[in-house]
Amino acid sequence: MGEDTEIEQRPFSRLDIAFARFLCQRTDFDPLQKQAFETIVMTVSYEQNQGHSCIQIDDNARVLLFASGLVEMNPENQANPLPLVIEQNRLYLHRYWNYENRLAMQIKAMSQAEHPIEKLDAMLDRYFADAITEIDDQREAAKMAAKQSFSIITGGPGTGKTFTVVKILALLQELTEQPLHIALAAPTGKAAMRLQESIGFSKAKLPCAEAIKNSIPETVTTLHRLLGAMPPSPYFRHHADKPLVYDLVVVDEASMVDLALMSKLLDALKPGARLILLGDKDQLASVESGAVLADLAMAETLQNNVYTLKKSHRFGGAIKELAEAVNLQQAELAWQILSDGADGAVQCFDAELIDYVAAQQADYLQLAKADAEFERIFQAFSRFQVLCSNRQGKNSVADINYRVEQKLAEQKRIDLSGLWYPGRPVMVTQNNPALHLYNGDIGICMQDSFSAGKLMVFFQRADGSVKKYLPARVPHCETVFAMTIHKSQGSEFEEVLIVLPEAINPVLTKELLYTAITRAKKTIKLVAGEAVFTATVRQKIERVTGLVDKFKG
């Protein structure tokens with residue numbers, strides 16, 4: 001294996017160990033070879049669960065793996081595949097090699113399909129009238145996407161990705177004799193709600209006929225719902241043999257989409273369909289394997305299909321400066337911006353943490369006690385959010401949620417005599433398609449005036465509607481006065497309080513910090529020492545994949 005394997009430091013799971021032993025029993029190796037083979041298999045299994053789609057191997061490992069009889073190169077026999085695949089110096093579990101290989105093949109084919117459009121510049125001049133006298137990146141992005149079957153529009157917050165794509169949709173609808181059947185999707189319910197709000201706002205400003213505006217959908221769904229999830233299996237109702245009906249699919253927050261889900265989405269597109277991916281390639285990669293958006297954005301042969309928006313139209317000042325410094329790993333500059341706190345938008349936080357967090361809950365808890373409408377309560381709750389890097393330990397999600405609840409109970413703002421109480425904010429941690437509740441959805445427990453004051457948990461769906469459930473029916477969930485930065489993706493808050501631990505750990509990376517910073521619309525407060533902060537900025541996510549290599553040459 002590669003020199004960076006550090007086997008003895010990996011906390012292999014029982015599944016990693018059982019899988020390695022299962023495969024090893026099918027070899028004729030001697031005890032020393034078996035030990036080496038098991039270690040390699042445990043490593044690839046472990047690293048796949050850490051977000052890598054493969055691992056690097058050296059020549060010795062390559063020879064040993066081929067001797068096992070359980071490895072193949074560029075497999076063609078899909079009926080009885082071998083469990084491991086070697087491609088160049090990379091070792092994959094077969095399933096993930098297949099996801100990566102199919103995804104690359106499908107995108108290559110789509111990227112070669114172009115759509116010449118007569119008088120495109122004249123139409124762009126109408127949709128981007130303010131940009132005729134200057135080179136406007138939104139106009140250029142629209143020009144690229146209008147002519148391609150596959151396109152990626154990436155950029156930081158406020159660069160106008162959604163505003164641009166709405167104009168692309170209107171332009172394409174104008175060009176077709178029959179209206180395009182369009183699907184709008186996002187990885188999570190929160191991201192879907194944000195996209196839906198943005199689409200509705202942007203449509204009203206379009207310089208086109210009402211019929212064109214009406215042909216652009218506003219309803220946004222989650223990718224799992226779009227594809228037709230069939231839990232507990234990993235399969236979907238829509239696939240290559242039963243494709244989606246849509247002519248064009250737009251996916252927002254595409255940085256959150258993992259390798260397996262992106263591959264299954266491409267599988268489910270009907271022949272000739274278009275795909276537009278929107279997202280910030282500098283944000284955290286998906287929780288599951290792969291770094292698909294970032295990989296595709298840097299792929300050599302896809303540069304004509306990728307456009308990066310650079311000009312922010314609503315995101316500026318110290319927040320923008322801090323985000324850029326962190327993204328560029330300029331640790332000293334980033335800390336200086338925080339320390340200066342020039343315009344009050346960003347600052348180091350040195351007050352009593354739990355007292356401050358508890359005080360921020362006063363408005364929404366008061367509304368909950370007054371039986372206000374759920375939309376008002378949810379809006380008040382969503383104004384402020386604590387974002388933590390870690391789930392456990394001091395100043396973690398678990399720690400802050402527990403201490404804030406205790407403080408609020410001490411202040412008589414909530415009643416902790418039972419698990420459920422009026423005003424309890426919760427985040428769902430397990431998908432339940434039957435109830436239309438998904439991992440990351442946020443709800444608030446309230447007394448329901450239509451059920452004689454019975455406690456119900458209210459959720460706002462992606463389409464803006466509100467659904468309520470008995471607490472006993474809600475899938476596994478946890479209190480969410482604080483959430484992990486990973487879980488905050490797809491959300492925006494007026495004020496964000498970012499809490500880092502007292503010591504550096506592998507979770508802390510510049511991508512994590514950049515993602516947290518870009519959740520804030522107005523104010524950022526940071527709880528962190530200088531040493532941990534600067535170490536976080538200097539630490540970068542390095543995911544091992546083979547996707548970029550598949551687009552070379």
Electrostatic pair R126-E174, nearest N-O below 4.0 angstrom: yes
E478, CD atom: more than 12 neighbouring heavy atoms under 6.0 Å: yes
Within 6.0 angstrom of M230 CE, more than 12 heavy atoms from elsewhere: yes
Approximate separation, where rounding is to 0.5 Å, of D137 CG and T159 OG1: 7.5 Å
Electrostatic pair D441-K190, nearest N-O below 4.0 angstrom: no
Residues E100 and S53: side-chain donor-acceptor under 3.5 angstrom: yes
Flag side-chain contact, heavy atom, 4.5 Å: I152 against L293: yes
Nearest heavy atoms of T154 and G279, plus distance in Å: OG1-O, 2.8 Å
Electrostatic pair D121:K143 at N-O distance under 4.0 angstrom: yes
Distance in Å, M144 CE paired with I153 CD1, rounded so as to fall on 0.5 Å steps: 5.0 Å
Distance-minimising heavy-atom pair for V404 and A358: CG1-CA, 4.4 Å
Audit row: Q489, S255, side chain to side chain contact (heavy atoms under 4.5 Å, CB included) steps and yes/no: CA-CA 9 Å; Q489 286 181 274; S255 63; 4.1 Å; yes
Min side-chain heavy-atom separation I444-F374 under 4.5 Å: yes
Over 12 non-hydrogen atoms of neighbours within 6.0 angstrom of CD in Q379: no
Geometric class of the F459/Y469 ring pair [parallel <30°, tilted 30-60°, perpendicular >60°]: perpendicular
Approximate separation, where rounding is to 0.5 Å, of L226 CG and R237 CZ: 12.0 Å
Cation-pi geometry met for K167 and F128 (6.0 Å, 45°): yes
Flag side-chain contact, heavy atom, 4.5 Å: K468 against F450: yes
Derivation of the side-chain hydrogen bond (donor to acceptor under 3.5 Å, both in side chains) call for S111 and N305: CA-CA 7 Å; S111 67; N305 302 80; 4.6 Å; no
I337: which of L322, V326, I319 passes side chain to side chain contact (heavy atoms under 4.5 Å, CB included): L322
R225 vs H436 side-chain heavy atoms within contact, under 4.5 Å: yes
Residue pair K203 / N214, side-chain donor-acceptor N/O under 3.5 Å: no
Salt bridge flag under 4.0 Å for residues K521 and E495: no
Minimum-distance pair of heavy atoms, taken over all atoms of I442 and V480: CG2-CG1, 4.3 Å
ring-ring contact (aromatic ring centres under 6.0 Å, His included) against F381, all qualifying residues, sequence neighbours excluded: Y364
Check: F236 and L261 side chains under 4.5 Å, non-hydrogen atoms: yes
T222 side chain near T188 side chain, heavy-atom distance below 4.5 Å: no
Student check: side-chain heavy atoms of V245 and K270 closer than 4.5 Å: no
From CA spacing to verdict: side chain to side chain contact (heavy atoms under 4.5 Å, CB included), V527, L500: CA-CA 6 Å; V527 178; L500 302 184; over 6 Å; no
Distance-minimising heavy-atom pair for G490 and R194: O-CD, 2.9 Å
Nearest-0.5 Å distance, CG of residue L333 to CD of residue E321: 8.0 Å
Donor-acceptor pair between D267 and Q106 side chains, under 3.5 angstrom: yes
Steps toward side chain to side chain contact (heavy atoms under 4.5 Å, CB included) verdict (Q138, L309): CA-CA 7 Å; Q138 292 183 3; L309 301 175; 4.3 Å; yes
Heavy-atom donor-acceptor pair, R391 side chain to V397 backbone, under 3.5 Å: no
Partners meeting side chain to side chain contact (heavy atoms under 4.5 Å, CB included) with D282 (sequence neighbours left out): D280, N327, Y514
Verdict with supporting geometry, R424 and T479, side-chain hydrogen bond (donor to acceptor under 3.5 Å, both in side chains): CA-CA 7 Å; R424 183 191 178 196; T479 303; 3.0 Å; yes
Donor-acceptor contact below 3.5 Å, side chain R139 vs main chain A129: no
Lys/Arg N to Asp/Glu carboxylate O, K213 vs E210, below 4.0 Å: yes
Atom CZ of R383 with >12 non-hydrogen neighbours under 6.0 angstrom: yes
For the student: nearest non-hydrogen atoms of A141 and T164, plus distance: CB-CG2, 4.2 Å
Minimum heavy-atom distance between S382 and F493, given as atom pair plus value: O-CD2, 3.1 Å
Sequence-distant partners of K540, salt bridge (Lys or Arg N to Asp or Glu O under 4.0 Å), two or more places apart: E511
Nearest-0.5 Å distance that lies between atom OG in S149 and atom CG in L275: 9.5 Å
Rounded distance [0.5 Å steps], CD1 in I377 versus NZ in K369: 12.5 Å
Close side-chain approach of M446 and M456, heavy atoms under 4.5 Å: no
Evaluation steps, side chain to side chain contact (heavy atoms under 4.5 Å, CB included), between Q347 and K525: CA-CA 5 Å; Q347 54 189 277; K525 292 182 172 68; 3.9 Å; yes
